[in-house]
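The structure presented is a predicted model; accordingly, all values stated were derived computationally and were not measured.
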Amino acid sequence: MGIYLNPDNTDFNELRNSAICVDKSLLIGYTNSVMNTKDKLMCVSRPRRFGKSTDANMLVAYYSKGCDSSSLFKDLKISQTSIYMEHLNQHNVIFINMQEFYDNADTIKDMKNRLSKILLIELKQVFDNIFYYDDKDLILSLKNINDQMKQKFIFIIDEWDCVLRDKDASQKDKTTFLTFMNSLFKDQTYIEFVYMTGILPIKKYSNQSALNSFDEMSMLNPTPFENFMGFTENEVKELCEEYQMDFDEMKLWYDGYHFKNGISIYSPRSISKALRIGSCGNYWSKTSSFENLRYYFNQNIDGIKESIVQLLAGDMIKIDPDIFNNDASEIHSKDDVLTFLVHLGYLGYDELEKKVYIPNKEVSDSFVSAMRKSKWENTIYFLENSDKLFEATWNQDEETVAKYIEKAHQEVSIIQYNDENALAYTIYLAYITAKDYYTVVRELPSGNGFVDIAFIPKYDKPALLVELKWNKDVQTAIDQIIDKQYPAVLEHYKDNLLLVGISYEKDSQSKDHKKHTCKIIKITD
């Protein structure tokens with residue numbers, strides 16, 4: 001048993017002793033299936049707090065010869081598989097947290113030399129009867145062990161991408177690091193499998209992977225690791241039942257990472273903390289990745305501020321994720337920024353539509369917090385006044401509602417009014433805190449048509465049906481709601497339902513003049 005070669009199971013044992021421990025052991029079933037195959041090189045990237053290190057520690061505990069983990073796995077799902085015992089603590093495991101070595105080296109060359117030196121010391125302690133051609137050459141020594149002892153190795157690498165996430169690292173250093181990794185793993189017969197975790201997928205050069213022998217699973221394309229990228233919805237439901245937490249509230253705060261096969265995942269760290277504390281909250285902006293968010297806000301690369309405002313308004317934005325080179329220092333376009341934010345977990349990604357979106361309330365709150373700390377004075381007006389706008393709406397204060405919407409329009413210069421869609425955009429922005437109280441549906445089928453915007457309450461707030469008009473009297477909006485029987489869709493809210501008409505009239509003598517009017521009536525029967 002060593003520190004890096006065949007380590008013990010202490011870290012996984014601590015997880016098993018924890019109150020909240022979700023069984024992700026079937027991941028081992030997949031790694032067992034690719035061992036000693038052409039698919040044995042895996043790079044799994046996902047955001048911080050999504051269980052990367054936990055899974056790495058589980059794999060170490062299961063495979064390492066340096067411990068007996070039978071008691072830790074006997075009641076987990078993997079123990080029911082046919083080859084469970086065949087691999088339990090039967091393999092040579094090399095476990096490296098790359099961040100640890102990077103933090104303790106002055107240069108990439110120093111990092112590589114330190115890692116090689118330490119691994120060689122432990123290898124020679126275990127395999128002391130080997131004739132080493134060059135006992136200072138890590139790769140050659142691994143080949144010697146494999147050739148003379150027929151021993152292979154499982155490599156588990158955590159934080160593999162730490163060099164690429166360092167904006168201050170030079171391209172020469174990154175190339176040196178990737179060349180070392182490629183030499184260590186590509187076409188080497190001493191490998192049983194490699195499992196690497198990080199935030200970024202493998203760096204690309206001209207859209208080609210720098211480690212092109214690896215299979216990549218990421219937030220852009222997680223197949224076949226969808227169930228292991230975080231807590232699944234069913235797992236969260238079970239935890240909510242056990243801890244008597246409101247699942248709907250948990251879903252509001254932390255859901256939103258959806259994959260094309262219908263699987264939805266949640267951040268394990270956020271869920272665990274909410275369960276321990278007994279209440280949901282924003283635990284994201286206290287992480288180091290939050291500083292990345294602020295950095296790109298302040299840089300405003302390629303007009304990214306406009307895209308962020310669109311996303312906060314509920315829009316989805318189409319991106320080309322393939323142009324991003326998976327390198328934090330090579331961010332030059334809006335698509336680069338938005339793709340990076342997907343990898344950081346600040347955006348969800350619709351793989352079929354190739355569109356990004358803000359996934360949930362926790363992330364939305366983090367965006368707002370980053371905007372405030374980045375001093376977007378002209379943009380945060382509508383964020384700070386959204387709750388006041390709701391209060392005015394519930395109180396049927398038509399003049400105040402019109403005033404806030406008008407002000408929101410004036411403060412957000414990216415909106416170019418020319419139709420009701422643009423007006424709807426302002427409404428989304430003005431009512432930005434809607435997710436706290438409502439499920440918001442645009443173009444909801446109802447009666448003899450479609451409601452422009454429906455605010456369906458999550459709690460005891462009034463339901464809202466909003467109809468928008470462009471260059472028409474606001475009363476026509478209310479008339480349309482009634483004439484086309486739109487309230488039928490929310491009939492069970494009839495004692496607590498507000499009909500809201502909002503109109504924008506453009507002054508033909510001044511293209512900059514904006515005038516919003518509002519009409520609110522309450523359904524009483």
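- Between Phe340 and Phe324, the angle of the ring planes lies from 30° to 60°, which puts this pair in the tilted group.
- Rounded to the nearest 0.5 Å, atoms CD (Gln188) and CD1 (Ile191) are 6.0 Å apart.
- The minimum heavy-atom distance linking Ala169 with Tyr102 is given by the pair CB-OH, 3.7 Å.
- Atom NZ of Lys354 has 12 or fewer heavy atoms from other residues, nucleotides or ligands within 6.0 Å.
- Scanning both residues, Cys67 and Ala61, for their nearest heavy atoms gives SG-O, 3.9 Å.
- For the atom pair CG of Asn182 and CG of Leu178, the computed distance is 8.0 Å after rounding to the nearest 0.5 Å.
- The structure places CD1 of Ile319 at 6.5 Å from CG of Leu220, a figure rounded to the nearest 0.5 Å.
- Here the two rings, on Phe155 and Phe185, have centers that are under 6.0 Å apart.
- Taking the ring axis of Tyr190 as reference, the NZ or CZ atom of Lys152 does not stay both within 45° of it and closer than 6.0 Å to the ring centre.
- The CD1 atom of Ile453 lies 9.0 Å from the OH atom of Tyr431; values are rounded to the nearest 0.5 Å.
- Between Asn360 and Leu252, the closest heavy-atom pair is CB-O, 3.7 Å.
- Heavy-atom neighbours of Lys318 NZ from other residues, nucleotides or ligands within 6.0 Å: above the threshold of 12.
- Remark: aromatic rings of Phe231 and Phe50 are distant, center separation not under 6.0 Å.
- The structure places CD1 of Ile139 at 10.0 Å from OG of Ser141, a figure rounded to the nearest 0.5 Å.
- Partner Tyr63 forms a side-chain hydrogen bond (donor to acceptor under 3.5 Å, both in side chains) with one of Asn6, Asn92, Thr31, Asn89 and no other, that one being Thr31.
- Once rounded to the nearest 0.5 Å, the distance linking OG of Ser218 with CE of Met229 reads 6.5 Å.
- The 12-atom threshold is not exceeded at CD1 of Ile3, counting heavy atoms of other residues, nucleotides or ligands nearer than 6.0 Å.
- Looking at every heavy atom in both residues, Gln171 comes nearest to Ser329 through NE2-OG, 3.5 Å.
- Across all non-hydrogen atoms, the minimal contact from Ile199 to Arg48 is CD1-CG, 3.6 Å.
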Q | Residues Arg165, Glu159; criterion side-chain contact (heavy atoms from CB on, under 4.5 Å); working and verdict | A | CA-CA 10 Å; Arg165 285 188 277 108; Glu159 303 282 0; 2.5 Å; yes
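- Between Arg49 and Glu362 there is a salt bridge, since a side-chain N of the basic residue sits under 4.0 Å from a carboxylate O of the acidic one.
- Checked against the 6.0 Å centroid threshold, Tyr30 and Phe225 count as a close aromatic pair.
- Counting heavy atoms from C-beta on, the side chains of Leu119 and Ile96 come closer than 4.5 Å.
- The side-chain heavy atoms of Tyr84 and Phe73, taken from C-beta on, include a pair separated by under 4.5 Å.
- For the pair Ile78 and Gly29, the tightest heavy-atom approach, listed with the atom from each and the gap, is CD1-N, 3.6 Å.
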